[in-house]
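The structure appears right after this line, and notes come after that.
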Number of protein chains: 2
Amino acid sequence: MSPARRRVLSTASALFYAEGIHAVGIDRIIAEAAVAKATFYHHFPSKDALVHAYVEEQARTQREAMAQVTETAPRERLLRVFDAMGEIGALPGFRGCQFINVAAEYPERDHPVRQAVDAHRRWFHEEFRSELAAMGDPDPAATASMLMLVRDGIAVGANLDDPADVRAIVRQAVTRLLGPAV
Amino acid sequence: MSPARRRVLSTASALFYAEGIHAVGIDRIIAEAAVAKATFYHHFPSKDALVHAYVEEQARTQREAMAQVTETAPRERLLRVFDAMGEIGALPGFRGCQFINVAAEYPERDHPVRQAVDAHRRWFHEEFRSELAAMGDPDPAATASMLMLVRDGIAVGANLDDPADVRAIVRQAVTRLLGPAV
DNA sequence: CCCACAATAGACAGGTCTGTCTGGTATCGT
DNA sequence: ACGATACCAGACAGACCTGTCTATTGTGGG
């Protein structure tokens, strides 16, 4: 990827996450990325295309982060993943889940940006489901949906409420949902 | 409340919820509310003031809805509340939690709009906490925070995933968090 | 060497945004 | 009857938005 394109994408990602999509204009992005306007439109045909690239990049980043959790026992791996979420939510600059926030500004379900969000959420659910299946959960798809509730709750709560409080209860919530360790 | 003001507020509420705050301009609101611009600015000194009124009205509506759940046994009352959330999430036009969506477009924590969101969330948490205390929960504040996770998860999941799926698992998730009925 | 390409700066068009202002009409309480 | 208040229509200012365009400058591969 060309340096200019990378600069645009990383600048836009930071601004979109921190301030929202509609609140950040192209002029601001190209100024902070130190890129000419023509260069921007050379790499991204429209702002929507940039937003789409932003969402795809975030999805890739999260998949890589998930792959870093190398715990082999599925139950422990799930707990580690949720612990990590609690920690990330307590970091300065945390402003909730990128995908939830983007979806709040893209109401149309069939918009490409929303479809990228959907795909990421399906991946997340499947990640949970397969671990639960490996644990021998009697209904891994349903339990995975419950873990999705908690996942989204962490992202929202750590943003809008006290992140330390959220972090402190995550493990207990997940443990109660999964049932006692066998 | 004057008819013009009520018309503006209800029109704005529908548009803000369906399409987002930044995506809806004043001109559109006054056109659909059939109100003169001067009338609008007579009732609301700025768009932010209108957004604030929108959030306050949503908070009032939710408090009233909560008061309608008249179950006396606290555990049953909580389950009824969560059932209702699942049902609302499956209604056509559901687009997630108003407060979460608004917060996604208002990054500044000390903004009056965000403070209104915070106040509503504190009320929600307290509503859970007091029921849990009445149930004899050993740590009602912590369990209330877990229910908040589920509450937010329902709002997000019913919007971004399959609402029927979310609705089907809510009761089970809450039951697992609360523990078996005594 | 030279051509294709990536990059630069910045003007420009056409639209939308919030908010102000002018000017006129109607209703209502005193 | 009259003054205050609410409401209407719509022009206007000034800023910002996305996207296009011109014109020019490096730079690396064939």
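The sequence lines fix the lettering, A, B, ..., with proteins before strands; numbering per chain opens at 1. Note that these values count all heavy atoms, side chains included, but never hydrogens, waters or copies made by symmetry.
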Let's go through A:Glu64 and A:Arg60 carefully: what are the C-alpha distance in whole Å and the side-chain angles of both, what is the deciding distance for salt bridge (Lys or Arg N to Asp or Glu O under 4.0 Å) to 0.1 Å, and is it a yes or a no?
CA-CA 6 Å; A:Glu64 285 172 8; A:Arg60 193 176 53 79; 2.9 Å; yes
Please walk me through it: do B:Phe128 and B:Met146 pass side-chain contact (heavy atoms from CB on, under 4.5 Å)?
CA-CA 10 Å; B:Phe128 287 154; B:Met146 296 182 214; over 6 Å; no
Is there side-chain contact between A:Leu147 and A:Leu132, with heavy atoms separated by less than 4.5 Å?
yes
Answer yes or no: is there a side-chain heavy-atom contact under 4.5 Å between B:Gln62 and B:Glu127?
no
Short side-chain N/O contact to C:dA6 OP1/OP2 from A:His43, under 4.0 Å:
no
Can you tabulate the close N/O pairs, meaning under 3.5 Å, that link protein atoms to atoms of nucleotides 27-30 of chain C?
none

For DNA chain D, what residues of residues 3-16 of chain A have any heavy atom nearer than 4.0 Å?
none
Over all strands shown, is B:Ala34 touching base, sugar-phosphate only, or nothing at heavy-atom distances under 4.0 angstrom?
sugar-phosphate
Can you find a pair of side-chain heavy atoms, one from A:Trp123 and one from A:Glu126, that are under 4.5 Å apart?
no
For side-chain contact (heavy atoms from CB on, under 4.5 Å), just list the numbers for B:Glu105 and A:Glu105, CA-CA rounded to whole Å, side-chain angles, deciding distance to a tenth of an Å, and then say yes or no.
CA-CA 8 Å; B:Glu105 297 200 61; A:Glu105 296 200 62; 3.9 Å; yes
Taken to the nearest whole Å, CG/B:Leu50 to P/C:dC17 is 14 Å
Go through residues 102-117 of chain B and report each residue with a non-hydrogen atom lying under 4.0 Å from DNA chain D, sorted by number.
none
Should the pair B:Arg122-A:Asp161 be classified as a salt bridge under the 4.0 Å nitrogen-to-oxygen rule?
no
Show every salt bridge (charged side-chain N to carboxylate O under 4.0 Å, His left out) that has at least one partner inside residues 130-151 of chain A, sequence neighbours left out.
A:Arg77-A:Glu131
Could you run through nucleotides 10-30 of chain D and give me one letter per nucleotide, 5' to 3': B if any protein heavy atom sits under 4.0 Å from the base, S if only the sugar-phosphate is that close, - if neither?
BB-----SBBBB---------
Hey, mind stepping through B:Ile169 and A:Leu149 against side-chain contact (heavy atoms from CB on, under 4.5 Å) and telling me if it holds?
CA-CA 10 Å; B:Ile169 58 151; A:Leu149 297 183; 4.0 Å; yes
Answer whether the closest heavy-atom distance between the side chains of B:Ile21 and B:Lys47 falls below 4.5 Å.
yes
side-chain contact (heavy atoms from CB on, under 4.5 Å), that's the test. Do A:Phe124 and A:Met66 meet it? Break it down for me.
CA-CA 9 Å; A:Phe124 227 120; A:Met66 184 75 88; 3.7 Å; yes
Under-4.0 Å side-chain N/O to phosphate OP1/OP2 contact, B:Thr39 with D:dC8
yes
Can you tell whether the side chains of A:Glu76 and A:Arg80 come within less than 4.0 Å, N to carboxylate O?
no
Please state whether the phosphate of C:dC5, meaning OP1 or OP2, lies under 4.0 angstrom from any side-chain nitrogen or oxygen of A:His42.
no
Side chain to side chain contact (heavy atoms under 4.5 Å, CB included) filter on B:Thr61, not counting sequence neighbours, yields B:Glu57
